[in-house]
K.L.:
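Dropping a structure here in structure tokens format, bear with me for questions.
Treat the numbers as computed from the prediction; the structure is a model and nothing was measured. Order of appearance sets the numbers: ligands from 1, and atoms from 1 within every ligand.
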Amino acid sequence: MRVLVVDHPLVAHKLTVLRDRNTSSPVFRLLTEELVTLLAYEATREVRVEPVRVETPVETAVGIGLVKPTPLVVPILRAGLGMLEGMTRLVPTAEVGFLGMARNEETLEAITYAERLPEDLTGRQVFVLDPMLATGGTLREAIKFLFKRGAADVTCICLLAAPEGLAALKEELEGKNVTIVLASIDEKLNNKSYIVPGLGDAGDRLYGVVG
Ligand code: URA
């Protein structure tokens with residue numbers, strides 16, 4: 001498993017505004033999309049391509065195109081949905097599948113409550129979108145699920161991670177073809193498993209508090 005923290009002043013600036021408790025939901029949503037586009041630029045460096053010929057107005061040129069089937073993007077509902085537009089802006093031909101996962105706030109276990117993915121992911125490159133890598137439980141379950149269906153490699157784009165969650169994932173996924181791309185590794189988890197300093201509950205910040 002590889003971890004890549006994208007070191008760029010625009011990434012750091014957008015993340016700082018996201019952290020601000022006074023940032024409104026509409027601004028939070030817009031900045032999340034912009035930030036994901038920047039992270040996706042780095043996360044897609046290894047996307048599979050093949051040579052293609054095109055006729056320019058002057059000559060034939062050899063360029064590259066994305067190999068089919070194109071990458072599969074999987075936002076983890078609910079908060080990952082806020083990252084989808086930022087990803088598909090960069091890779092508009094990607095297919096999109098959905099995984100609905102939530103953590104039980106008492107046991108912190110990940111529960112899958114919805115799934116809409118191809119049955120067979122043999123050889124597919126998969127990009128998982130989940131803003132907060134806290135304990136790592138949700139991502140671990142999602143990654144295991146995708147490999148079970150045959151995914152060739154999994155790249156997770158997250159806004160933030162806690163060192164505890166990254167360490168737990170690393171231990172479980174060492175040797176697997178997994179890359180985690182992040183804007184920041186924060187200090188720690190608090191006793192409610194929130195990332196500190198973090199940005200709060202990403203789903204609530206994106207979509208408001210629902211019950
Ligand atoms: N999920 C969030 O939305 N925020 C955290 O800090 C941890 C998990």
Side-chain angles (χ1 to χ4, degrees), residues 1 3-6 11-12 14-36 38-40 43 73-87 98-115 127-146 154-173 178 180-211:
M1 179 181 122
V3 177
L4 172 69
V5 181
V6 177
V11 168
K14 288 176 199 298
L15 179 60
T16 304
V17 184
L18 284 183
R19 289 187 192 277
D20 186 340
R21 67 187 309 157
N22 294 314
T23 298
S24 66
S25 272
V27 174
F28 193 95
R29 282 199 293 270
L30 192 71
L31 280 173
T32 298
E33 286 176 14
E34 290 176 0
L35 188 47
V36 170
L38 295 175
L39 298 179
V73 175
V74 181
I76 309 281
L77 306 179
R78 145 180 95 132
L81 209 49
M83 303 169 77
L84 181 59
E85 185 68 30
M87 181 75 191
F98 296 92
L99 258 184
M101 300 186 93
R103 67 174 180 175
N104 179 316
E105 292 297 336
E106 266 140 44
T107 63
L108 301 179
E109 302 253 311
I111 313 155
T112 305
Y113 64 85
E115 177 257 303
F127 291 86
V128 174
L129 308 177
D130 193 14
M132 309 297 274
L133 197 172
T135 62
T138 304
L139 270 188
R140 182 189 62 226
E141 292 309 309
I143 292 166
K144 275 168 48 183
F145 189 95
L146 294 163
V154 178
T155 300
C156 304
I157 302 180
C158 307
L159 303 183
L160 293 181
E164 297 91 326
L166 273 180
L169 267 191
K170 254 191 186 155
E171 198 176 307
E172 198 141 336
L173 300 172
V178 174
I180 312 282
V181 179
L182 297 158
S184 168
I185 301 174
D186 273 11
E187 205 182 306
K188 60 177 182 185
L189 290 178
N190 69 13
N191 61 1
K192 290 194 168 138
S193 290
Y194 274 81
I195 298 175
V196 178
L199 49 76
D201 186 302
D204 290 351
R205 303 271 330 256
L206 283 161
Y207 301 118
V209 183
V210 282

K.L.:
Side chain, backbone, both or neither: which part of Ala79 comes within less than 4.0 Å of ligand 1 when only heavy atoms are counted?
P.N.:
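Contact part for Ala79 vs ligand 1: neither.
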K.L.:
Find all atoms of ligand 1 within a distance of less than 4.0 Å from any non-hydrogen atom belonging to Ala134, and give their numbers and elements.
P.N.:
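Listed by number with element: 7 (C), 8 (C).
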K.L.:
Among all protein non-hydrogen atoms, which one is nearest to atom 6 (O) of ligand 1, and what is the separation to 0.1 Å?
P.N.:
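Ranking protein heavy atoms by distance from atom 6 (O) of ligand 1, first comes Ile195 N, 2.8 Å.
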K.L.:
Stepwise, does the side-chain contact (heavy atoms from CB on, under 4.5 Å) test hold for Thr32 with Met83?
P.N.:
CA-CA 6 Å; Thr32 298; Met83 303 169 77; 4.0 Å; yes
K.L.:
Closer than 3.5 angstrom, by distance alone: can the side chain of Arg21 be matched with the main-chain N or O of Gly200 as a donor-acceptor pair?
P.N.:
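Answer holds: no.
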K.L.:
From the options Gly137, Ser193, Gly200, select the one whose nearest heavy atom is closest to atom 7 (C) of ligand 1.
P.N.:
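Looking at heavy atoms only, Ser193 sits closest to atom 7 (C) of ligand 1.
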K.L.:
Looking at ligand 1, is there an atom of it that comes within less than 4.0 Å of some heavy atom belonging to Pro131?
P.N.:
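Per 4.0 Å heavy-atom rule, Pro131 does not contact ligand 1.
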K.L.:
Which heavy-atom pair separates Ala134 from Ser193 by the least distance, and what is that distance?
P.N.:
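Taking Ala134 first and Ser193 second, the nearest heavy atoms are CB-O, 3.7 Å.
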K.L.:
Tell me the closest heavy-atom pair linking Leu160 and Arg19, and the distance in Å.
P.N.:
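Smallest interatomic distance, heavy atoms only, reads CD2-NH2, 3.7 Å.
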K.L.:
Please say whether more than 12 non-hydrogen atoms of neighbouring residues, nucleotides or ligands are located less than 6.0 Å from NZ in Lys144.
P.N.:
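Counting other residues, nucleotides and ligands, NZ of Lys144 exceeds 12 neighbours.
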K.L.:
Are any of the N/O atoms in Gly203 less than 3.5 Å from those in ligand 1?
P.N.:
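Checking ligand 1 against Gly203, no N or O pair falls under 3.5 Å apart.
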K.L.:
Could you see which bit of Ala202 sits under 4.0 Å from ligand 1, with heavy atoms only: side chain, backbone, both or neither?
P.N.:
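It is both parts that get close, each with some atom under 4.0 Å.
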K.L.:
Can you name the atoms of ligand 1, numbered from 1 with element, that are less than 4.0 Å from a heavy atom of Asp201?
P.N.:
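That gives atoms 2 (C), 3 (O), 4 (N) of ligand 1.
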K.L.:
What distance separates Ile76 CD1 from Leu139 CG, expressed to the nearest 0.5 Å?
P.N.:
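One finds 6.5 Å between CD1 of Ile76 and CG of Leu139.
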K.L.:
Testing Val6, Thr16, Leu159 one by one against Val11 for a side chain to side chain contact (heavy atoms under 4.5 Å, CB included), which residue passes?
P.N.:
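Of the listed options, the one satisfying the test is Val6.
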K.L.:
Could you find the nearest protein heavy atom to atom 1 (N) of ligand 1 and give me its residue, atom name and distance?
P.N.:
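Atom 1 (N) of ligand 1 sits closest to the protein heavy atom Met132 CB, 3.8 Å.
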